[in-house]
Amino acid sequence: MQQILVVDDEVGIRELLSEILRDEGYQVRLAENASQAREMRVQNRPDLILLDIWMPDTDGITLLKEWAAGGMLTVPVVMMSGHGTIETAVEATRIGAFDFLEKPIALQKLLGTVGRALKRGAVEPHAPLSLGSLGRSAVINELKQRLERVRGLRSPVLVAAEPGSGAEVCARFLHQPNTPWVAPDSNGMLAEAPMELAEKARDGTLFLHDVSELTRLEQRGLLLLIGKLDKYNARLVCAVSRSLPDMVSGGTFDVRLFGALSAVTVSVPSLRQHREDVPELASLMLARGIEAKELPQKHFSTAALNALRNHDWPGNLLQLENVVRSAALSALGDEITLDDVQRVAASFNLEPVTPASSLPLDLPLREARDAFERVYFEHHLGLESSNMSRVAERVGLERTHLYRKLKQLGIRVSKRNEEPA
């Protein structure tokens with residue numbers, strides 16, 4: 001039986017929606033505020049969430065942003081409001097909401113929207129990572145700002161990124177929700193029938209995985225397609241993993257196509273450029289795997305998470321996810337330990353970065369000092385297996401000051417390691 005979570009602070013609306021949906025054969029759970037909704041969302045993944053916008057503790061838009069940033073927007077969410085505006089509805093769908101219902105909600109409108117949302121959730125059971133879940137580092141925040149600036153443009157966007165570093169995540173951020181999303185697995189149709197691709201992407205987005213891999217014939221097809229985009233009201237977003245100017249100079253990429261694609265270019269940082277986000281990303285990937293029932297219920301030790309940060313990750317997000325999955329499936333206990341991470345990393349031929357080589361020297365003094373302190377404290381946390389009393393003694397700080405410093409640097413610590421050994 002499909003389960004729907006209804007989140008609304010008005011008891012009359014909760015009871016009315018519950019009665020209607022139960023009569024239609026759905027299992028319904030009720031939450032009267034954002035706090036209850038968070039708890040229920042974690043306890044049991046529903047198939048659909050109906051979320052009121054105006055609530056006393058935390059409004060629905062803020063909660064939606066929180067779920068999107070935390071990678072928890074893996075189920076369709078339909079927003080509800082009696083005071084909604086077009087701007088609010090647009091903002092909600094951009095964050096990731098499936099649809100927007102205005103109160104009072106007509107019965108057929110409710111049931112039709114619920115049916116479509118549940119159908120979408122069944123077709124796309126594993127939502128991809130969102131831009132908000134890539135991290136909170138300075139380079140990722142800058143990436144978000146650049147993407148926000150080009151979001152409203154209709155011209156093609158070139159996303160320059162190493163394989164596995166999140167080009168598709170960026171493309172999906174630029175995509176208008178509830179419109180066609182076309183991302184062909186191969187580029188053959190560009191040579192054979194480019195206009196068929198344009199037709200499929202009509203009023204939506206066409207995403208091409210790596211245009212540096214296109215053959216000459218496929219390049220000609222893409223150039224033809226670009227000239228017809230306005231007719232189909234389709235947006236084109238292309239990932240690229242190699243230097244197109246070098247390819248143009250070498251005669252392997254059409255100079256006209258390069259000109260058509262490169263007017264708006266956004267560069268995506270590799271994972272080694274924002275290693276401080278790795279612990280949070282790893283925890284998120286583990287939580288998503290557990291929720292999808294693909295991984296057993298486990299958690300990372302603090303030392304394990306900090307160790308994951310100390311790699312260059314040449315395979316970027318995809319490689320990190322493979323390491324997380326392997327560690328979760330092969331760890332013998334409920335906790336994924338430092339030994340587990342080191343064992344799995346070795347099997348992927350991942351060598352830890354030495355502290356000196358990981359220090360960026362081209363930063364302003366304040367940022368460089370923070371980078372040094374981050375490496376310094378992670379080193380001592382590893383030596384003392386994250387035992388905070390011993391770390392505090394080793395580095396010569398009061399324990400309360402140490403906790404404050406680690407929080408400031410974004411280093412995760414576990415309360416289990418507070419007691420001295």
Side-chain angles (χ1 to χ4, degrees), residues 119-120 122-131 147 150-151 153-268 270 314-319 321-322:
K119 186 176 180 181
R120 168 74 68 84
V123 172
E124 300 177 359
H126 305 304
L129 285 172
S130 68
L131 183 66
L147 288 170
V150 304
R151 193 173 201 167
L153 304 179
R154 297 303 298 173
S155 54
V157 176
L158 191 64
V159 180
E162 292 181 9
S165 56
E168 184 169 343
V169 173
C170 297
R172 285 185 179 274
F173 178 79
L174 298 173
H175 172 62
Q176 180 66 38
N178 301 323
T179 64
W181 166 265
V182 179
D185 292 328
S186 71
N187 298 315
M189 281 191 69
L190 286 172
E192 299 161 8
M195 291 305 103
E196 285 186 30
L197 277 178
E199 180 60 45
K200 287 182 179 181
R202 182 185 289 274
D203 299 324
T205 302
L206 172 61
F207 173 64
L208 299 179
H209 290 281
D210 192 346
V211 292
S212 65
E213 301 294 330
L214 298 182
T215 65
R216 275 292 189 180
L217 197 56
E218 291 163 352
Q219 291 176 34
R220 286 198 290 271
L222 178 55
L223 190 59
L224 175 65
L225 183 151
I226 290 173
K228 304 289 185 181
L229 281 177
D230 287 344
K231 176 183 175 182
Y232 294 91
N233 190 34
R235 177 166 209 174
L236 176 66
V237 183
C238 299
V240 62
S241 64
R242 296 160 60 191
S243 169
L244 290 187
D246 289 348
M247 294 181 67
V248 169
S249 299
T252 58
F253 200 84
D254 191 305
V255 64
R256 296 168 300 165
L257 179 57
F258 173 66
L261 289 175
S262 60
V264 180
T265 302
V266 177
S267 296
V268 181
S270 63
N316 293 295
L317 295 170
L318 182 58
Q319 188 176 42
E321 185 164 21
N322 287 338

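Position 1 is the first residue of the sequence; numbering continues from there.
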Are more than 12 heavy atoms from other residues, nucleotides or ligands located less than 6.0 Å from atom CZ of Arg154? yes

NZ/Lys231 to CZ/Arg202 distance, rounded to the nearest 0.5 angstrom? 7.5 Å

With respect to Leu174, which candidate in Leu153, Val150, Val266, Thr205 satisfies the side-chain contact (heavy atoms from CB on, under 4.5 Å) definition? Val150

Can Glu162 and Asn316 be said to form a side chain to side chain donor-acceptor pair (under 3.5 Å), step by step? CA-CA 8 Å; Glu162 292 181 9; Asn316 293 295; 3.2 Å; yes

Measuring from atom CG of Leu190 to atom CD of Glu196, what distance do you get when rounded to the nearest 0.5 angstrom? 11.5 Å

Could you go through Asp210 and Arg242, starting from their C-alpha distance and side-chain angles, then the distance that decides it, and tell me whether this counts as side-chain contact (heavy atoms from CB on, under 4.5 Å)? CA-CA 9 Å; Asp210 192 346; Arg242 296 160 60 191; 5.7 Å; no

In the structure I gave you, are the side-chain heavy atoms of Leu217 and Glu192 within less than 4.5 Å of one another anywhere? no

Any Ser212 side-chain heavy atom under 4.5 Å of Met247 side chain: yes

Sequence-distant partners of Arg216, salt bridge (charged side-chain N to carboxylate O under 4.0 Å, His left out), two or more places apart: none

In terms of heavy-atom contacts, does CD of Glu213 have more than 12 from other residues, nucleotides or ligands at under 6.0 Å? yes

Is it the case that the side chain of Ser165 and the backbone of Ala161 share a donor-acceptor pair, with hydrogens and angles ignored and the cut-off at 3.5 Å? no

Taking all atoms of both residues into account, what is the closest heavy-atom pair of Arg151 and Arg235, and its distance? O-NH1, 2.7 Å

Within the distance-only criterion (no hydrogens, no angle test), does the side chain of Glu218 pair as donor or acceptor with the backbone N or O of Leu214 below 3.5 angstrom? no

Side-chain contact test, heavy atoms from C-beta onward, threshold under 4.5 Å: evaluate it for Phe173 versus Ser130 and give yes or no. no

What distance separates Cys238 SG from Leu158 CG, expressed to the nearest 0.5 Å? 6.5 Å

Is it the case that the ring center of His209 lies less than 6.0 angstrom away from the ring center of Phe207? yes

Of all heavy-atom pairs linking Ile226 and Ala260, the shortest is CD1-CB, 4.1 Å

Locate the shortest heavy-atom distance separating Leu206 from Pro184; write the atom from each residue and the value. CD1-CD, 3.9 Å

Who passes ring-ring contact (aromatic ring centres under 6.0 Å, His included) against Phe253, sequence neighbours left out? none

In a check of side-chain contact (heavy atoms from CB on, under 4.5 Å) between Leu261 and each of Leu223, Leu222, Asp254, which one passes? Leu222

Do Val159 and Val240 have side-chain heavy atoms sitting under 4.5 Å apart? no

Can a side-chain donor-acceptor contact be found between Asp203 and Thr179 if the only test is distance below 3.5 angstrom? no

If we only count heavy atoms from C-beta on, is the Val237 to Pro156 side-chain gap below 4.5 Å? no

Check: Thr252 main-chain N/O paired with Gln219 side-chain donor or acceptor under 3.5 Å: yes

Contacts of Glu168 meeting salt bridge (charged side-chain N to carboxylate O under 4.0 Å, His left out) (sequence neighbours excluded), chain-then-number -> Arg172

Pairwise distance CG(Leu208) to CE(Met189) - rounded to 0.5 angstrom: 11.5 Å

